[in-house]
Amino acid sequence: MALWVYLSLVVGVAAEAAGQIRVPFAIVWGVALGALALGAALGSSLALMMESLDLQGHVSVTAIAAMVLAVIASDVVLTRGSLARAYKRAVTAAGGKEAESADGGTPFDERVAAVAEVYALTEREAEVLGILARGHGLGRVQEVLFIAEGTAITHRRHIYQKLDVHSKAELIDLVSGFGDDGIDDD
């Protein structure tokens, strides 16, 4: 059972690692399977050694502990915490959206939606706009939307082009004043 749990987790870790280090998934998966085989060989050796020392009752506990440590180590070393991000992503998908929109009010969200509609922003660009218009930077965009830095930069560039703004201050001013008399008519 523990092996199946490990295998289900290691696929996600390998996929995240491949994306982060920009190599084909097959290479990372091959390394992961090689590490699993090495771990199995070391585990068997450890089990034989424990059996010869008459410590058989501790073999299963040791094997499970080794697998857990291997998952944590591979997650931290290969992907710098992708399991933590995957957990955070799942929590956000299950209801964390309210927490992000709570720092802005409904009128602000309506202004962001109106700007996005008038300037024909994509759904993702509208999400990025909402974060940037609150004064946050690209780091916050990456954290909230779980996207890479390059992707966040691209979305910001497209938003700036479509809104014809050249700085975050201009963007905030545009969104803050949007809908006031005469501002959104240009």
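As a basis for the values below, the full set of heavy atoms in this structure was taken, side chains included, without hydrogen atoms, waters or symmetry mates.
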_What verdict does the side chain to side chain contact (heavy atoms under 4.5 Å, CB included) test give for R156 and V141, after you've listed the backbone C-alpha separation in whole Å, the side-chain angles of each residue and the deciding distance to 0.1 Å?_
CA-CA 10 Å; R156 181 184 62 187; V141 170; over 6 Å; no
*Audit row: E125, K162, side chain to side chain contact (heavy atoms under 4.5 Å, CB included) steps and yes/no*: CA-CA 10 Å; E125 289 169 347; K162 289 179 180 181; 2.8 Å; yes
*Please step through side chain to side chain contact (heavy atoms under 4.5 Å, CB included) for the pair E170 and Y160, ending with a clear verdict.*
CA-CA 9 Å; E170 287 182 29; Y160 279 25; over 6 Å; no
_Worked check of side chain to side chain contact (heavy atoms under 4.5 Å, CB included) between H136 and V144_ = CA-CA 11 Å; H136 298 295; V144 171; over 6 Å; no
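Applying side chain to side chain contact (heavy atoms under 4.5 Å, CB included) to I131 and the options R140, H155, E143 leaves one that passes, R140. Partner of Y119 under the side chain to side chain contact (heavy atoms under 4.5 Å, CB included) criterion, chosen from I159, L129, L174: L174.
Summarising the geometry of G130 relative to F108, their closest heavy-atom pair is O-CE2, 4.1 Å, with the distance given to 0.1 Å. A pairwise comparison of heavy atoms in A152 and Q142 identifies CB-CG, 4.1 Å as the closest pair. Here the shortest heavy-atom pairing between R134 and D109 reads NH2-OD1, 2.5 Å.
Applying the side-chain contact (heavy atoms from CB on, under 4.5 Å) rule to A116 yields the partners L121, A126; only residues at least two apart in sequence or on another chain are considered.
Taking CZ of R124 as the start and OG1 of T151 as the end, the distance is 9.0 Å to the nearest 0.5 Å. I172 contributes atom CD1, which lies 8.5 Å from atom CG of L132 (distance to the nearest 0.5 angstrom).
A 6.0 Å sphere centred on CD of E149 holds no more than 12 heavy atoms belonging to other residues, nucleotides or ligands.
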